[in-house]
Visitor: 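Structure in structure tokens, see below.
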Amino acid sequence: MRTRSGRVGSRLTRRRFMATVAGTLGATTLYSRAPAGAQTKGTLRIARGANARSLDPHINARLYDRLVLYTLYEPLIDADDRGNFFPVLARSWEVGSTGRVVTFHLRSDVVFHDGTPFTADVVKYNIERILDPATGSEHRARFEGIIQGVRAANAATAQFYLTRPYPPLLSELIDRPGLMVSPAAVRKYGKDFARNPVGTGPFKFVEWIQGSRVTVQRNQRYWNVKAIRSEQMIFQDFPEPAVADAQLRGGQVDVVTLEDLPAEDVLAFQKDSGYLVIPSPAYSWSAIQMKEDVPPFDNRDLRQAIMYAIDREQIVKVIYHGLGKATGKFFHEGWWADPRYNGPAYNPDLARQKLKASGYLDRPAPLLLYVQSSTVPLGEMVQAQMQAIGLRVNIRLVSERDLYPMVLRGEIPFSIPATWTPRPDPNGLAYILWDSRGYANTSHYRNPQVDKLLDAAAATYDRNERARLYRQAERLIVDDASYVFYYASPDYAIMRRGVQGFRYGFDLIPRVAGAWM
Amino acid sequence: MTARRFIPILATPSGGALAAAILFLAVAAIRPELFSPYNPVRIHGTSSLEAPTWGHVLGTDVLGKDVLTQILYGTRTTLFIGLSAVALSLAAGTAIGLAAGYWGGTLLDEGLMRLIDALYIVPDLVLALTVVAILGPERIASVIVALALGHVAAYARLVRGRVLAIREEEYVTAARSLGGSVGRILARHVLPQTHDVLVVRSVLALSSVILGEAALSFLGLGVQPPAPSWGRMLRDGFQYLATAPWVALSPGLAIFLCVFVCNQAGDLLRDLLDPRAAVSARAERRPNRARAARTAPARVSPARR
Amino acid sequence: MPAMWRYVLRRMLVLIPTVALVTFGIFFLMRTAVGGDPTLYLMGHEATLQQAAQARTRLGLDRPIIVQYAEWLRRLGSLDLGRSFEYPMDVGPALAGRLPATLELTLMATVLALLVAVPAGVFTAVGRHTPLGRAMSAATMAGICVPNFWLGMLLIYVFGVKLGWLANSAYVPLPENWRQNLGSMALPAVSLAAYYAASWTRYLNTALLVALQHDYVRVAQAKGLADRTVVLKHALRNAIIPMVTAVGQSVPYMLAGAVIVEAVFSLPGLGRLLSDAIQSRDYPIVQGAVLLVTAAVVASSLAVDVAYGVLDPRIRYD
């Protein structure tokens, strides 16, 4: 069942991609399963994993908000499930010959929900809003030092001036910082804009009952209104997967999208013909993370010993019931993934050799592994695997909320899991995590060779060349083992049979606007 | 004096069963391996989430570990935390109560009682949640302190009340006028008068602390692994509720049993040691008219949440 | 009853320093908590240390704690509880938005518990020598020992997973659709009520047995009135006062119970808001919620005292 739906999805993707390339209006094919002029259907009810945090895409919006944001707001461009870009608010775009000017030709038939027309000035306003420190956008670091400014050449042409050629920009614009908000509404609501969202999207905001749900209503003035068939969407908050699943079985929700659905549940729904289980096209990966400048983790042999000690197959089999893949690398999809490389595999003998070489056995103090409190079994399994090669490990739990802040402050040098979702451009993650200047380089990873490769790859628009460079960098990063990769998995959306038009973005965020029941 | 009264109770069926249950819990806490052939930490990848069988009476968890074994080993954690928290709150509450009572009416008394009031008006679980978050959930000590704080107020009020009453009695005033030291008077005359009621109170507090620990663990703020914890088992099992309900539901039975034993023991001890509080409970047998109309019956329901 | 109101006023004056102590304690301790301030968590995976420092300044967290507390008090004077760190809302509306679910949960649980406890208490007193009466007494002991979150999970399993009916439907506000609302509140209310149903049954049972020893009751018995009549006519009236105490004293524990029941059932109540806020260190929300909870506790204990006066004229407030 899963395979079938997967195949259907990729066929549509190709068609959509071809359509885009052929220069037709990409957006009409965006929701290609909805026949034009069809009648609207009622309400679609979607369960998601956590409370809404913010409906301002530029400030504080989190994973589960993004699902809602894509119904209220639109980016200039989006990526399909292969990572190929297609136009949304921009009809087309081109990169200047220097690589430092990116020009977007905008649609001129778009208005915000509050009636504000969408123009190049709006684009300029949005980018400047993120760059302005007073806004307090956590996405500022993604543009700072890269975007020099935006010029509205005319109402329908926005030009991004860059400090250097930067191919990953397009991928950044798909995420939250690229979603366009209404300047008038931001001025009107001020700090309350985050719960009075106004975008150009196919749905208008109705209400947000904090801790319970967000409701959106079809936008009758949407520029591609025929593609939208649901009259209303309700996003319900369900922090407990067991509750969300019971709701789905009881028919109180139509779709469940949780980041960490238990594998058991996914498998159970896959076997049940009343439900459809759709995997995301891209994989998020997980790793054990070590901080390279803190002893004993400054010892590469020790890190590699851990890398070879991890039995990834056992983890996938036991913890994830065979869902997802055992892998030692991090580029899994897109044009940059290396099909001939799967990273290091479980090799206990080599692990013991490396451990011996590291000299760490002479100091038998147990290592302290910080484990996210929601993944205790995983931590215990990793602990057992390291103990099997003679490395003693103690576990300390850290709450989900505290894990990343503690990693970022450098307080916990040895932690699991570090989980990241891919972005539609390989630079997106590779640079921030492993370049010595990356803002999320919390391992304090320093490899001049990797820096050089990443710089070179981010400075050319030649895809083949970029792919070659990223593949080279990937092997170096994996081998240095500041991250020990062990698992990659798609997200899953489970829905009642009969729900149609649901699709995942490359970023693992569902694009539900075109879905209906 | 009390030992003689215990023995006939042990001979009754319910008393005997209770004693056996307490003995079992104590042994399970000290030597859990006596009851289970399985290793509590060993991972068995091939037998993940198996339904209950004769081999695994309560099934296995996601790592293939025997659920019953986990529960048995969890007894130690539960009782350790429970007893430590009760001991801590008993010590702190008694000290505060003694001080406030002995110097009753002074500024010290006033200050201590305001502190106690403040502890008292914040619901236990809210207090515990906050304190654990503040002290850091990764230490077992912070869980103990958090749970203990919720009971300090009750002990302090109780002891202070007793001290105020005893203070005016002749033998105490006599001891004072003879120049007895404060500590001596408290130790000789006051404490012996209160220990009965404190023992009863403590057993009942234990059941409440056990529930509190489970609740904290359930909210993700309880003890850390590898220490097995019933509340955490419940929480970790919650996500498998639809497919493997035994993982989540079995530890609840253990909590239930433990709390039940504590409450029964508490009621029994109250009858034995603290006849005044037990009066209302035994009204049938020994009528006591004087207090009935104006005061509520003593708390018969000990486990607070 | 002017004496009573004077009494209430005096009690409230005494309580002000206590509540102030609670708020300052929480305020101070939260800000010195292990794990540091919340700014990094608030910013998520895009955060940098530099941005976190700017956020700290913006939220006023870089000032001395005593200054922050004074500021909080000053705003409290104008009924402004500040703004949530985590959500784009002021604390007042955030609390108000979560209050209905918790109020409804606790009210429903109270009513359910009383509906069980009053008849069961009477029956276990009147029929204390019958097998059924004894069985019910035993059942109340069980009810007292069941952890409410475990009971909640059990109910989800039985009604949601196994039977698939009366499913714990998504929370819908009461005015919007009362049937769906009651459907979503039924299981949580039962989970919360079980303990109180059992506990109050025992309370009432004890109070009735005590009342049965009164002279006038004995006289009534001697006159040949049936036990049941005596209980219903005379003893029950006397047992109301302790019962009111029991219910009033339960308010703080019910609120604490709501924290965990709301977590199990994903209900958007005050309890879940508070436990989430504690974990994410949303200080203004924690502060406001604790203030509200302590106020509720204080109010309920005052209400119990006042109810005494109304129910029992012998009590004097002086």
Side-chain angles (χ1 to χ4, degrees), chain B residues 114-115 117-126 129-131 133-136 138 142 207 211 214-215 218-221 234 237-238 241-242 245 248-249 251-253 255-257 259-260 262-264 280-281 283-284 287-289 291-305, chain C residues 15 17-19 21-22 25-26 29-30 32-35 128 141-142 144-150 153-154 156-157 161 195 198-199 202-203 206-207 209-215 238 241-242 245-246 252-253 255-257 259-260 263 274-275 278-279 281 286 290 293-294 297-298 312 314-315:
Chain B
R114 286 293 80 76
L115 185 72
D117 284 350
L119 281 178
Y120 199 75
I121 60 174
V122 185
D124 300 21
L125 187 63
V126 174
L129 267 174
T130 319
V131 172
I134 288 164
L135 297 178
E138 59 272 11
S142 51
S207 77
L211 278 173
F218 183 81
L219 292 174
L221 287 168
L234 266 163
F238 196 7
L241 191 61
L249 297 181
L253 284 174
I255 299 170
F256 174 80
L257 185 79
V259 171
F260 187 81
C262 287
N263 283 349
Q264 289 293 352
S280 47
E284 241 188 313
N288 183 334
R289 274 165 268 153
R291 296 156 45 86
R294 205 162 296 187
T295 37
R299 243 192 117 76
V300 271
S301 39
R304 312 192 301 174
R305 317 182 186 179
Chain C
L15 282 166
T18 309
V19 174
L21 195 62
V22 170
I26 300 269
L29 291 172
M30 283 295 285
T32 51
V34 172
R128 58 191 178 279
M141 196 66 213
I144 280 173
C145 302
V146 174
N148 50 17
F149 50 100
W150 181 70
M153 284 165 72
L154 194 67
I156 292 179
Y157 179 68
V161 179
Y195 168 81
S199 157
R202 284 169 58 109
Y203 235 101
T206 309
L209 293 181
V210 170
L212 280 176
Q213 307 305 320
H214 281 256
D215 285 342
N238 255 290
I241 292 175
T245 321
Y253 307 112
L255 287 174
V259 172
I260 193 151
L274 177 60
S275 68
I278 287 173
Q279 293 186 42
R281 305 201 187 86
V286 175
V290 168
V293 168
T294 49
V297 173
V298 166
D312 186 350
R314 281 173 298 176
I315 289 181

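It should be emphasised that the depicted structure is a prediction, and the values quoted were computed from it without experimental measurement. Protein chains get the first letters and strands the later ones, always in sequence-line order, with residue 1 at the start of each.
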Visitor: Quick check: does any side chain N or O of Q279(C) sit under 3.5 Å from a backbone N or O of L219(B), one acting as donor and the other as acceptor?
Guide: yes

Visitor: Any side-chain heavy atom of V293(C) sitting closer than 4.5 Å to one from V122(B)?
Guide: no

Visitor: Quick check on L274(C) against chain B: is it the side chain, the backbone, both or neither that has a heavy atom closer than 4.5 Å?
Guide: side chain

Visitor: Is it the side chain or the backbone of A246(C) that comes within 4.5 Å of chain B heavy atoms, both, or neither?
Guide: neither

Visitor: Under a 4.5 Å cutoff for heavy-atom pairs, which residue among V126(B), L129(B), D117(B), L249(B) has the most contacts with chain C?
Guide: L249(B)

Visitor: Drop me the distance from T18(C)'s OG1 to Y120(B)'s OH, to the nearest 0.5 angstrom.
Guide: 13.5 Å

Visitor: Below 4.5 Å, heavy-atom pairs only: which of V290(C), V19(C), L15(C), I260(C) has the largest tally toward chain B?
Guide: I260(C)

Visitor: Please report the interatomic distance CG(L154(C)) to CG(L253(B)), rounded to the nearest 0.5 Å.
Guide: 8.5 Å

Visitor: Is F218(B) close to chain C through its backbone or its side chain, or both, or neither, when contacts mean heavy atoms under 4.5 Å?
Guide: side chain

Visitor: To the nearest 0.5 Å, what is the distance between CG on L255(C) and CG on L125(B)?
Guide: 11.0 Å

Visitor: Please tell me if the side chains of T130(B) and L29(C) come closer than 4.5 Å, counting only heavy atoms from C-beta onward.
Guide: no

Visitor: For the residue pair I255(B) and W150(C), establish whether any side-chain heavy-atom pair is separated by less than 4.5 Å.
Guide: no

Visitor: With rounding to the nearest 0.5 Å, note down the distance linking CG in N263(B) to CE in M141(C).
Guide: 4.0 Å

Visitor: Non-hydrogen atoms of chain C under 4.5 Å away: do they reach the side chain of L257(B), the backbone, both or neither?
Guide: neither

Visitor: Indicate the atoms forming the closest heavy-atom contact of F260(B) with C145(C), along with that distance.
Guide: CA-SG, 3.3 Å

